[in-house]
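Heads up, the thing below is written out as structure tokens.
By convention here, the first residue in the shown sequence is residue 1.
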Amino acid sequence: MAVTYKSTRNSNETATASQAILKGLAENGGLFVPDHIPALDVDLNDLAKMNYQEVAYEVMSRMLTDFTEEELKYCINSAYDKKFDTETIAPLVKKAGAHYLELFHGSTIAFKDMALSILPYLLVTSAKKNHIKNDIVILTATSGDTGKAALAGFADVPGTKIIVFYPKNGVSPIQEKQMVTQRGDNTSVVGIIGNFDDAQTGVKNMFNDKELARVMDDKGYQFSSAYSINIGRLVPQMVYYVYAYTRMIASGEIKAGDKINVVVPTGNFGNILAAYYAKEMGLPIAKFICASNDNKVLYDFFETGVYDKNREFILTTSPSMDILISSNLERLIYRIAGDDSSKNSELMKALTSDGRYEITEEMKDRLSEFYGNYANEKETAETIKKIYESEHYIMDTHTAVAATVYGKYQAATGDKTPTVIASTASPYKFTRSVMEAIDETYASQSDFELVDELYKLSGVKIPQAIEDIRSAAVLHDTVCDKSEMEAIVRRILDL
């Protein structure tokens with residue numbers, strides 16, 4: 001049965017998978033959600049014998065039903081190839097009583113590669129399927145990782161342009177260097193004076209600007225989105241949870257049907273939502289453990305049922321989670337509201353006008369599978385040091401937030417269910433924070449000296465992504481106020 005996508009804010013607005021991927025965002029700021037989540041009707045023991053690409057086809061073919069087998073396999077095999085530095089694509093490493101799902105072996109050493117390696121192929125295929133003549137302009141805001149992964153995925157892809165906005169003082173030095181050195185005639189990178197939420201709001205406003213859309217269409221352009229609101233991002237993320245589960249079957253850690261827990265360091269809520277959708281498909285997940293940093297808007301939401309972004313925005317050592325508006329949470333709100341687009345729309349209007357909303361007790365009861373907690377900066381650093389000293393395993397700051405929260409969950413519940421922790425970035429992406437957590441004496445060294453020190457400590461090969469930026473020239477140096485974002489887009493596109 002075909003899966004149709006509909007808007008979280010207007011159930012009458014529907015799209016095929018390829019149309020939803022092309023549009024990125026529904027009208028009036030709504031997000032596309034599947035009208036049903038089909039069962040993963042393949043034996044888990046059979047999936048355990050498949051490689052990553054084969055598992056990806058089984059999961060994605062059930063969600064993206066208007067793609068032919070040939071089209072989907074082309075997209076999957078083009079994405080998950082030598083760009084990844086390991087054949088397994090997403091290795092599962094057992095350390096300190098948990099299974100770390102390493103999602104950072106792609107070309108930009110962060111989990112965003114898992115979806116952004118395939119999105120350009122899904123988009124270009126979708127454009128052909130829908131007879132689109134315009135060039136696709138990927139417009140995105142990033143808190144650090146999405147931007148580089150999208151730039152790398154779309155660089156020089158025919159028929160596309162990509163414009164990335166990032167908070168000028170809100171990403172790590174290596175994240176920024178990765179973006180501003182990006183090659184490609186169709187790439188543009190702009191720092192804004194503001195935070196990630198400012199960048200995200202500016203992008204959403206441009207998507208909803210009918211006059212801008214008309215001017216662009218006259219010039220042969222149309223917007224699409226590469227960040228996690230696009231279902232072309234979300235569906236590929238479902239794959240690695242299924243893959244991780246089946247690797248645990250293959251290694252004898254669990255038997256098919258046994259339940260696992262999943263811990264996800266969470267900012268925009270897409271990564272943990274993908275796990276939730278995988279469960280809806282039939283993956284046996286008991287608990288979703290949502291890990292926040294000091295920007296603990298999600299922890300407070302799970303505790304109280306009130307989502308309130310009216311608070312100080314804190315810059316932390318886990319910048320990809322420095323977010324106060326978790327866009328993908330809307331898809332979960334829609335679900336627990338009983339797929340009621342008018343109820344969801346009312347809550348999202350309250351978020352826009354008042355910066356907060358409160359869900360009903362009935363909706364809160366439907367969140368029983370979720371556990372939320374947070375790690376402060378001191379706890380995050382202590383976890384990096386402790387696991388390095390006990391396991392000789394070095395993790396990045398975001399993964400350390402997740403590991404810390406998992407420890408809190410275990411202490412609170414005594415739950416011994418086998419657990420997968422989403423390890424979302426290479427420690428090489430956050431060398432300063434990681435190395436200073438291990439030993440404060442590293443503070444005096446330069447970022448690239450710290451890269452070499454990290455190699456000495458870990459024995460893990462320095463990723464090509466880091467070697468590439470050591471001496472790369474800065475190609476993008478535009479900085480603007482958050483109020484000037486549309487003017488910059490018009491200039492880039494010569495509108």
Side-chain angles (χ1 to χ4, degrees), residues 85 93 95-96 98 100 102-111 143-145 147-148 166-181 265 267 291-295 314-322 374-407 421-472 474:
D85 64 17
V93 178
K95 296 285 178 186
Y100 287 84
E102 293 188 345
L103 299 172
F104 52 75
H105 289 273
S107 56
T108 75
I109 57 176
F111 83 101
S143 55
D145 288 338
K148 174 59 183 179
Y166 73 96
K168 175 65 185 156
N169 299 309
V171 300
S172 81
I174 284 179
Q175 284 178 312
E176 182 172 49
K177 188 87 188 281
Q178 281 188 301
M179 287 190 283
V180 298
T181 58
S292 300
N293 64 17
D294 279 318
N295 292 291
I314 301 167
L315 291 174
T316 73
T317 55
S318 46
S320 299
M321 300 159 68
D322 291 347
Y374 75 102
N376 64 31
E377 292 288 86
K378 183 169 179 283
E379 291 169 326
T380 302
E382 285 170 352
T383 295
I384 291 170
K385 184 179 175 75
K386 182 177 77 179
I387 292 182
Y388 165 66
E389 289 178 345
S390 66
E391 302 279 342
H392 202 68
Y393 183 66
I394 301 181
M395 62 181 61
D396 93 294
T397 45
H398 303 74
T399 308
V401 168
T404 305
V405 167
Y406 178 53
I421 295 178
S423 183
T424 53
S426 164
Y428 281 104
K429 199 148 194 168
F430 301 94
T431 44
R432 179 160 301 282
S433 300
V434 167
M435 295 301 284
E436 288 181 15
I438 290 170
D439 189 335
E440 288 175 1
T441 60
Y442 286 116
S444 62
Q445 299 192 16
S446 73
D447 287 305
F448 284 106
E449 284 173 334
L450 291 176
V451 165
D452 296 325
E453 291 297 325
L454 177 52
Y455 171 65
K456 285 180 201 165
L457 286 192
S458 67
V460 174
K461 186 170 179 275
I462 298 170
Q464 194 58 43
I466 297 296
E467 296 291 10
D468 286 347
I469 62 170
R470 277 187 194 262
S471 56
V474 171

Non-hydrogen side-chain atoms of Gln175 and Pro319 separated by less than 4.5 Å: yes

Whether the side chain of Lys429 engages the backbone of Thr108 through a donor-acceptor N/O pair (distance < 3.5 Å, no angle test) should be reported. yes

Quick check: closest heavy atoms across Asp396 and Ala425, and the distance to 0.1 Å? OD1-O, 3.3 Å

Nearest heavy-atom pair of Ile438 and Lys385: which atoms, and what distance? O-NZ, 3.0 Å

For Thr397 and Thr380, test the side chains for any donor-to-acceptor distance below 3.5 angstrom and give the result as yes or no. no

Rounded to the nearest 0.5 Å, the OG atom of Ser172 sits from the CD atom of Gln178 at a distance of 7.5 Å

Donor-acceptor pair, side chain of Tyr100 and main chain of Ala403, under 3.5 angstrom: no

Enter the distance from Glu176:CD to Ile469:CD1 here, rounded to the nearest 0.5 Å. 10.5 Å

Within a reach of under 6.0 Å around CD of Glu389, are more than 12 heavy atoms found that belong to other residues, nucleotides or ligands? yes

Run the side-chain hydrogen bond (donor to acceptor under 3.5 Å, both in side chains) check on Thr316 and Asn293 step by step: do they pass? CA-CA 8 Å; Thr316 73; Asn293 64 17; 3.0 Å; yes

Test: Glu453 and Lys456 ion pair at under 4.0 Å: yes

In terms of heavy-atom contacts, Ala375 and Val405 come closest through N-CG2, 4.0 Å

For the pair Asn376 and Glu379, evaluate side-chain contact (heavy atoms from CB on, under 4.5 Å) and give the outcome as yes or no after the intermediate values. CA-CA 5 Å; Asn376 64 31; Glu379 291 169 326; 3.2 Å; yes

Does the side chain of Val460 reach to within under 4.5 Å of the side chain of Ile394, using non-hydrogen atoms? no

Please find the pair of heavy atoms, one from Ile421 and one from Ala98, that lie closest to each other, and give the distance. CD1-CB, 3.7 Å

Hey, does the side chain of Asn295 reach the backbone of Ile314 with a donor-acceptor pair shorter than 3.5 angstrom? yes

From CA spacing to verdict: side-chain contact (heavy atoms from CB on, under 4.5 Å), Thr317, Phe430: CA-CA 8 Å; Thr317 55; Phe430 301 94; over 6 Å; no

Decide yes or no on side-chain contact (heavy atoms from CB on, under 4.5 Å) for Ile174 and Val451, but give the supporting numbers first. CA-CA 10 Å; Ile174 284 179; Val451 165; 4.3 Å; yes

Between Ile466 and Phe448, is there a side-chain heavy-atom distance shorter than 4.5 Å? yes

Lys386 atom NZ, over 12 foreign heavy atoms within 6.0 Å: no

Grab the two heavy atoms, one from Ala422 and one from Pro265, that are nearest each other, plus how far apart they are. O-CD, 3.4 Å

What distance separates Ile384 CD1 from Thr399 OG1, expressed to the nearest 0.5 Å? 8.5 Å

Exercise: identify the closest heavy-atom pair between Ile109 and Pro463: CG2-CB, 3.5 Å

How many angstroms lie between atom OG of Ser458 and atom CE of Met395, to the nearest 0.5 angstrom? 13.0 Å

Side-chain heavy-atom pair Asp85, Gln464 within 4.5 angstrom cut-off: no

So, does Asp439 use its side chain to make a donor-acceptor pair with the main chain of Tyr442 at under 3.5 Å? no

Are any of the side-chain heavy atoms of Leu457 and Met435 separated by less than 4.5 Å? yes

Would you indicate whether the side-chain heavy atoms of Lys177 and Asp447 approach each other to under 4.5 Å? no

Test your reading of the model: is there a side-chain donor-acceptor pair from His105 to the backbone of Ser426, 3.5 Å cut-off? no

Evaluate side-chain contact (heavy atoms from CB on, under 4.5 Å) for Val401 paired with Thr383, printing each intermediate quantity in order. CA-CA 8 Å; Val401 168; Thr383 295; over 6 Å; no

So how far is it from Ser292 OG to Met321 CE, rounded to the nearest 0.5 Å? 6.0 Å

Between the CD atom in Glu377 and the CG atom in Leu315, the distance rounded to the nearest 0.5 Å is 9.5 Å

Check: Ser320 main-chain N/O paired with His398 side-chain donor or acceptor under 3.5 Å: yes

